[in-house]
Number of protein chains: 2
Amino acid sequence: MYQAATIKQIAQALSVSVSTVSRALSDSHEISEETKKLIRAYAKKINYRSNPIARSLKNGRSNSIGILVSDIANSFFSQTINGIESIAYEKGYHVIITQSHDSYEKELSNLSHLASRSVDGILISMSSQTTNYEHVKELHERGMPIVFFDRIINEIDTFKVATDNFKASFEATKMLIKKGNKKIAFLGNAPQLSISIERLNGYKAALDESNIVFDEQMVQYCLEGGRNVEEISNALTYFSSATVDAIIIASDQVSISAMRVLSKTPDAEKLTIIGFSNSDVIDLLSPRISYIRQNAFEIGQTAAQMLIKIIESTYPIYEFETKLLDAELHWIES
Amino acid sequence: MYQAATIKQIAQALSVSVSTVSRALSDSHEISEETKKLIRAYAKKINYRSNPIARSLKNGRSNSIGILVSDIANSFFSQTINGIESIAYEKGYHVIITQSHDSYEKELSNLSHLASRSVDGILISMSSQTTNYEHVKELHERGMPIVFFDRIINEIDTFKVATDNFKASFEATKMLIKKGNKKIAFLGNAPQLSISIERLNGYKAALDESNIVFDEQMVQYCLEGGRNVEEISNALTYFSSATVDAIIIASDQVSISAMRVLSKTPDAEKLTIIGFSNSDVIDLLSPRISYIRQNAFEIGQTAAQMLIKIIESTYPIYEFETKLLDAELHWIES
DNA sequence: CTGAAAGCGCTAACAT
DNA sequence: ATGTTAGCGCTTTCAG
């Protein structure tokens, strides 16, 4: 097996103490330039690299952060992760990615896995099947730095980053109205998710502003977050039979799954669809779909910056900010 | 700050020694059932979790494996990662994912990052811009367990897993020929990649079997692996002007980018396209494209199993296997 | 069956 | 300017 060099070996080889080596390598001012040079040269020669695990044990920090998302195959999340990584890397942190696949059980086990002190903080986007937040609360109360992004929860007071979902949904709905659609339906992810609630509120507000009466029947949810195509198929069939003009789809995965269903639906062109999606091929799908693209990369960057701020803060932080970023509406004339 | 419970605390609280606690928690046979029960109960009560960093330092293993892929947003890779995770999780390993974004520099720094972070082994799919393999060789020679998947290299003797690219490409080309296409072009990723070479060979063999003379002019490569749309656009324009009947696209990312270009090309329907792709919406794109879907999840699982086998092997391994998995050809009649 | 003690590699307070 | 020592949390001989 591969045996890495240690400061002890360097110390013995040069007949100095380990502390001298340690200090020399961290460029301490209390070591003479000569010895520093000597030690650095030898360290380089035997290709010494400091053991991060030992250092972690010593100073109680692992210099790694955990990420919990529902699915990395989801374009929104893979883009967010790229944003997170760009900041983490720059600041010297490793990133450990875990996926809940929208399962509460998986979320639970991933969080406890991450929490067992191997990460300095966690970036969380909630699973769509989670309705009980005790596990996150406990983690937070025990002092684990946490930042929520995308699917945030109000129950915990910390930094949060997301798209301005209300605004994005409001504007999308207004656009649908402006284009002459009368009967507009809303198809969401699980109802307790922040993204579902905020996007529904934006939708309602837009209807309201145009004096369209909100109709409870025009709202359907996908409890399994778009994984279950049948769920979506049922909702779409229901909307069709209710002679809906347009649908706003409030989730990336649901948008894609809905497109799959619609591609096999004869009269799909009659429906105007606008969906939240960060898929890089959303504009190539048929039938055509207008879409709302979130600023995923920047959401990731912001979340990572916030988390590292908490981790590196010497004093406890009591003032937390919730940052909302604008999304882009891409209207496709059909 | 968050302070985790330690075995020391348990020991003091129950007036036993730390070693007793350690042994009790690892279910050693030399501890009485009574004390075990007592200790486990208290450990559970204060929510004790063993500190993996301390354990790593002690036994020289981190129980984590590193992954290096070009891009997690690529469906093939996100599916592969899911396969890797399923095995890793089951066997008690953490997974640290890094992306090269097909850059040689990034690959270099990620690998040294992973190595110094003391992962127990690394799963590698080479960047398309890498032509010098010294960095990987050195890592391997220093004893780091490595398994290559998808984009493998011959220069290093270890376990490897990939699609049977020759066969997949051979069959796809045969299908194109069978469907009456005469002039068949090949569009690949970077030419030194194993996936490019093997798929080109399969293409050549199929032409050969049908007595079609191989024409060097009918082969184009994308040096930037599909990131640069212009590169692809040029290749496609070139093929068009050469009145090609069909194109086989030998890379996931290139397939998607090519579709983007073709969606804006007037006579795109005249071309028959067949591309390697694991995108979950490939069948919804327009124009229609036939596709070769790799068994990504299983590739990931196999690679992870191989790596863990190396890591956990007590004796050095000298016999290495290269496993090739079949892909599925999805022919779409247009 | 249980305890004492060493040590994994590193840092830092406390000597000298 | 350099050395000594203790200790981070855990496992594992070695001693009872």
Side-chain angles (χ1 to χ4, degrees), chain A residues 1-40 42-43 46-64 92 115-120 142-143, chain B residues 1-40 42-43 46-64 92 94 115-120 143:
Chain A
M1 249 308 283
Y2 167 58
Q3 269 307 55
T6 70
I7 52 172
K8 199 172 168 186
Q9 289 169 18
I10 301 179
Q12 281 169 346
L14 301 181
S15 305
V16 292
S17 75
V18 286
S19 46
T20 302
V21 178
S22 174
R23 278 185 280 237
L25 292 173
S26 61
D27 202 20
S28 161
H29 57 273
E30 43 185 2
I31 300 290
S32 75
E33 277 307 320
E34 281 174 285
T35 28
K36 273 188 196 172
K37 220 171 266 176
L38 215 70
I39 288 171
R40 279 199 276 241
Y42 188 73
I46 65 170
N47 197 17
Y48 168 81
R49 354 222 77 220
S50 122
N51 181 332
I53 292 186
R55 200 198 283 113
S56 291
L57 182 60
K58 179 66 189 163
N59 59 27
R61 290 242 322 262
S62 66
N63 272 285
S64 66
S116 54
R117 190 90 91 53
S118 50
V119 294
D120 299 334
R142 296 211 338 222
Chain B
M1 249 309 283
Y2 168 60
Q3 269 307 52
T6 70
I7 52 170
K8 200 172 167 185
Q9 288 169 18
I10 300 179
Q12 281 169 344
L14 302 182
S15 305
V16 291
S17 74
V18 286
S19 40
T20 302
V21 177
S22 174
R23 278 186 278 236
L25 292 173
S26 62
D27 202 20
S28 161
H29 57 274
E30 45 185 0
I31 300 289
S32 74
E33 277 307 320
E34 279 176 285
T35 26
K36 274 189 196 173
K37 222 171 263 178
L38 215 69
I39 288 172
R40 279 200 276 243
Y42 188 72
I46 65 170
N47 197 18
Y48 168 80
R49 351 224 77 220
S50 119
N51 181 332
I53 294 184
R55 201 201 280 112
S56 293
L57 181 61
K58 180 64 189 166
N59 59 26
R61 290 242 322 263
S62 65
N63 273 282
S64 65
H94 260 290
S116 79
R117 161 75 201 185
S118 344
V119 293
D120 298 335

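A, B, ... follow the sequence lines: proteins, then strands. Residue 1 opens every chain.
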*If you measure from the Lys or Arg side-chain nitrogens to the Asp or Glu carboxylate oxygens, is any gap between B:Lys37 and B:Glu34 under 4.0 Å?*
no
*Which of these nucleotides, C:dC1, C:dT11, D:dT2, is closest to any side-chain atom of A:Thr20?*
D:dT2
*Ignoring backbone atoms, test whether A:Arg23 places a side-chain nitrogen or oxygen under 4.0 Å from the OP1 or OP2 oxygen of D:dA1.*
no
*What is the distance from CZ of B:Arg55 to C1' of C:dG9, rounded to the nearest Å?*
18 Å
*Would you indicate what B:Asn59 reaches in the nucleic acid, counting non-hydrogen atoms under 4.0 angstrom: base, sugar-phosphate, or nothing?*
nothing
_Go nucleotide by nucleotide along DNA chain D from the 5' end; which of B:Glu30 and B:Ala54 gets its closest nucleotide reached first?_
B:Ala54
_A:Ser22 backbone acceptor or donor facing A:Ser26 side chain under 3.5 Å_ = yes
*Are A:Ile39 and A:Leu14 close enough that some pair of their side-chain heavy atoms sits under 4.5 Å apart?*
yes
*Does the base of D:dT4 carry an N or O that pairs as donor and acceptor with the side chain of A:Ser19 under 3.5 Å?*
yes
*B:Glu33 CD to C:dC1 P, straight-line distance once rounded to whole Å*: 9 Å
*With a 4.5 Å limit on heavy-atom distance, are the side chains of A:Arg40 and A:Asp27 in contact?*
yes
*Please give, in whole Å, the distance from D:dG7 C1' to B:Ile53 CD1?*
16 Å
_Rounded distance in Å - CZ (A:Arg61) to P (C:dT11)_ = 14 Å
*asked:* Rounded to whole Å, how long is the line connecting atom CZ of A:Arg49 with atom P of C:dC10?
replied: 12 Å
_Spacing of A:Asn51 atom CG relative to C:dG7 atom C1', expressed in whole Å_ = 14 Å
*asked:* OP1 or OP2 of C:dG3 versus the side-chain N and O atoms of B:Ser17: is any pair under 4.0 Å?
replied: yes
*Looking for any heavy atom pair under 4.0 Å, which part of the strands does A:Ser26 touch: base, sugar-phosphate only, or nothing?*
nothing
*Any side-chain N or O of B:Ser22 under 4.0 Å from OP1/OP2 of D:dT11?*
yes
*asked:* What contact category does B:Ser56 fall into here, base, sugar-phosphate, or nothing, at under 4.0 angstrom with non-hydrogen atoms?
replied: nothing
*Does the side chain of B:Arg55 come within less than 4.5 Å of B:Asn63's, by heavy atoms?*
no
*To the nearest angstrom, how far is B:Ile7 atom CD1 from C:dA5 atom P?*
16 Å
*For A:Lys58 and D:dT5, give me the distance from atom NZ to atom P, rounded to whole Å.*
16 Å
